[in-house]
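Since the structure comes first, as structure tokens, the remarks are kept for the end.
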Amino acid sequence: MTGRIGLRFMKECLNQKLKSIAALIATTRHYTSSSSSSSSSSSSSSSTVKPNPPHSSRKGRLLTGTTIGLVIAGGAYASTVDEATFGGWLFNATKVVNPLFALLDPEVAHRLAVSAAARGWVPREKRPDHQILGLEVWGRRFSNPIGLSAGFDKNAEAVEGLLGLGFGFVEVGSVTPIPQEGNPKPRMFRLRDQGAIINRCGFNSEGIVAVAKRLGAQHGKRKLDETSSTSISSNDDVKHGGKAGPGILGVNIGKNKSSEDAAADYVQGVHTLSQYADYLVINISSPNTPGLRQLQGRKQLKDLVKKVQAARDEMQWGEEGPPPLLVKIAPDLSKQDLEDIAAVALALRLDGLIISNTTISRPEVVESNPVSKETGGLSGKPLFTLSTNILKDMYILTKGKIPLIGCGGVSSGEDAYKKIRAGATLVQLYTAFAYGGPALIPQIKAELAQCLERDGFKSVYEAVGADCR
């Protein structure tokens, strides 16, 4: 029986990969053509020279060949093992493919990664999470506290595929009311040696209508599956998952660059998207939208949160109630700024804070890299210490009464553990995932479970804020 399943799975994988190869080649050629158009026009008066194969084409062929080899090897392996074991092999196999994405332009590589996840061309985690990682926040059950932050799947194209990788939760966005292109390209830059990225994307978004259609279709599909499926599990079993599938879905809302009424933009986002979200995020901390961070001021934040809460609460909700509302803040804040935000969060009973967004500062470790001179927000390993210190300060200021999501520089289970000890109930990553690929997720979860057990904690909850006591 296992052999037949494996062979059938192999055929499906092969068909999918062949399609992905064609898409990859087409995309790579398109990028190569567009990126070389300016040089072609400037040399039109020169004598005709037989062109050499573009370097990007060679990269594409290398990625294609590696993928075909992995499919063939995986198909043979699939016929001999169970589904969970084969899934583990697939996660390990991505360690071979993922470095090849570094040969491509950062935004092209990002686009391909999202497309692969959207089409199910990524591993699917079949192994259960360690029991010590499970927790309940806002009345929602998380199988583990490791999530993917906003910025990766901006337009909710790949929610099911990303949750299937084993994240406890995925946050899409930022989503703006009206579609906008964002800032001019190039706008993403790798600092590979430092494990960092600088971006100045500027809320490039397809808009709330397009995102609502995708989330609505997915929500309907999930409800249909729940209705048609027959469960044989007992009533005592805990069911992990939310409105999007096996994990929890967060929706991150932004404002349009040209908008003169920020509150109206966020209210529109809440009215349109909150019905599909397990939690909502007001993003007022991106450094790439002019004037956005000014909304973190005490009066501005208080007025904004009140309006957004009112918009959410005026909608009709079932027994679950409205989705929790969080605010994402910057790491570049003064002590007074932090005190003001904490005061507003406590006074208005905000459901949570995400700490933090990217930084406009340039830590000493990146100063020697010429790319560090690019404008934009810095993410990745160099952000870890700054964001974790802000996280710890905010946990103390809010007296541990508000759930915090730690984000910034997480690249290992030990990093996630340090965020939790500093006050985070949940943890997000992005840049490390861009560099490490799907194999990083089970690795971080396993390391985190080991850290908790090593120090005698029986749950994530017990470790939250341990360094602040």
Side-chain angles (χ1 to χ4, degrees), residues 124-150 152-153 159-173 218-219 222 226 233 236-252 276-281 320-326 328 350-355 391 395 400-407 410 413 415-430 433 438 440-453 457-466:
R124 191 168 187 84
E125 185 59 86
K126 297 294 184 180
R127 299 162 293 185
D129 287 327
H130 195 298
Q131 188 175 359
I132 199 172
L133 299 179
L135 71 165
E136 184 175 321
V137 190
W138 308 305
R140 289 146 174 82
R141 292 289 300 178
F142 292 72
S143 63
N144 70 78
I146 306 301
L148 180 62
S149 74
F152 186 84
D153 188 8
V159 175
E160 186 175 355
L162 292 171
L163 285 172
L165 286 171
F167 285 111
F169 62 109
V170 167
E171 189 176 309
V172 300
Q218 188 173 53
H219 184 66
R222 175 164 168 74
E226 289 177 349
S233 60
D236 294 332
D237 288 341
V238 176
K239 186 175 182 180
H240 297 89
K243 296 182 180 180
I248 301 297
L249 174 66
V251 177
N252 186 302
Y276 309 118
D278 292 303
Y279 71 89
L280 291 167
V281 182
E320 293 181 338
L325 181 66
L326 289 72
K328 187 168 186 174
L350 199 62
D351 297 300
L353 294 167
I354 300 181
I355 306 166
L391 170 67
Y395 180 82
K401 294 180 178 180
I402 297 174
L404 306 178
I405 299 180
C407 182
V410 175
D415 289 341
Y417 181 54
K418 289 178 180 177
K419 291 282 188 187
I420 291 168
R421 290 185 64 99
T425 302
L426 301 168
V427 178
Q428 288 180 326
L429 58 142
Y430 174 8
F433 177 60
L440 185 66
I441 306 163
Q443 176 187 323
I444 286 180
K445 292 191 292 185
E447 290 173 355
L448 175 58
Q450 291 170 4
C451 289
L452 291 166
E453 290 180 333
F457 294 113
K458 296 180 181 179
S459 68
V460 173
Y461 276 128
E462 288 186 6
V464 174

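Bear in mind the structure is a predicted one, so any value in this text is a computation, not a measurement. Counting begins at 1 with the first residue of the sequence.
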side-chain contact (heavy atoms from CB on, under 4.5 Å) evaluation trace for Q450 with Y417: CA-CA 10 Å; Q450 291 170 4; Y417 181 54; over 6 Å; no
Audit row: L135, L426, side-chain contact (heavy atoms from CB on, under 4.5 Å) steps and yes/no: CA-CA 9 Å; L135 71 165; L426 301 168; 4.2 Å; yes
Taking it one step at a time, do L148 and L165 satisfy side-chain contact (heavy atoms from CB on, under 4.5 Å)? CA-CA 10 Å; L148 180 62; L165 286 171; over 6 Å; no
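With hydrogens and angles disregarded, no donor-acceptor distance shorter than 3.5 Å links the side chain of K328 to the backbone of A150. Between the side chain of D278 and the backbone N or O of L249 there is at least one donor-acceptor pair closer than 3.5 Å. Panel note: side chain E125, backbone G166; no donor-acceptor pair is recorded below 3.5 Å. Judged by distance alone, the side chain of D153 and the main-chain N or O of V172 form no donor-acceptor pair under 3.5 Å. Here the side chain of D129 pairs no donor or acceptor atom with the backbone of F142 at under 3.5 angstrom.
Across all their heavy atoms, P323 and L280 have their closest contact at CG-CD1, 3.8 Å. The heavy-atom pair separating G352 from I402 by the smallest distance is CA-CG2, 3.4 Å. Across all their heavy atoms, P145 and T425 have their closest contact at CB-O, 3.9 Å. Closest approach of I132 and A449 over heavy atoms only: CG2-CB, 3.9 Å. Shown here for K419 and V427, the closest heavy-atom pair between the two residues is CB-CG2, 4.0 Å. Residues V464 and A424 approach most closely at CG2-O, 3.6 Å, considering heavy atoms.
Using cut-offs of 30° and 60° on the angle between ring planes, the pair Y279 and W138 is tilted.
Test L440, V410, L429 against I146 for side-chain contact (heavy atoms from CB on, under 4.5 Å) and you get one pass: L429.
Atoms CZ and CG, from F433 and L162 in turn, are 6.0 Å apart once rounded to the nearest 0.5 Å. The OG atom of S143 lies 8.5 Å from the CD1 atom of I248; values are rounded to the nearest 0.5 Å. Summarising the geometry, atom CD belonging to Q131 is positioned 13.5 Å from atom CG belonging to N144; distances are rounded to the nearest 0.5 Å. Distance check: L326 CG to I354 CD1 gives 5.5 Å after rounding to the nearest 0.5 Å. Rounding to the nearest 0.5 Å gives a distance of 5.0 Å between SG of C407 and CD of Q428.
For the pair V281/I405, no side-chain contact is recorded, criterion being any heavy-atom separation below 4.5 Å from C-beta on. Y430 places none of its side-chain heavy atoms less than 4.5 Å from the side chain of E171.
The neighbour count for E320 CD, taken as heavy atoms of other residues, nucleotides or ligands under 6.0 Å away, does not exceed 12.
Taking the six-membered ring wherever Trp is involved, the centroid distance between the rings of F167 and F152 does not fall below 6.0 Å.
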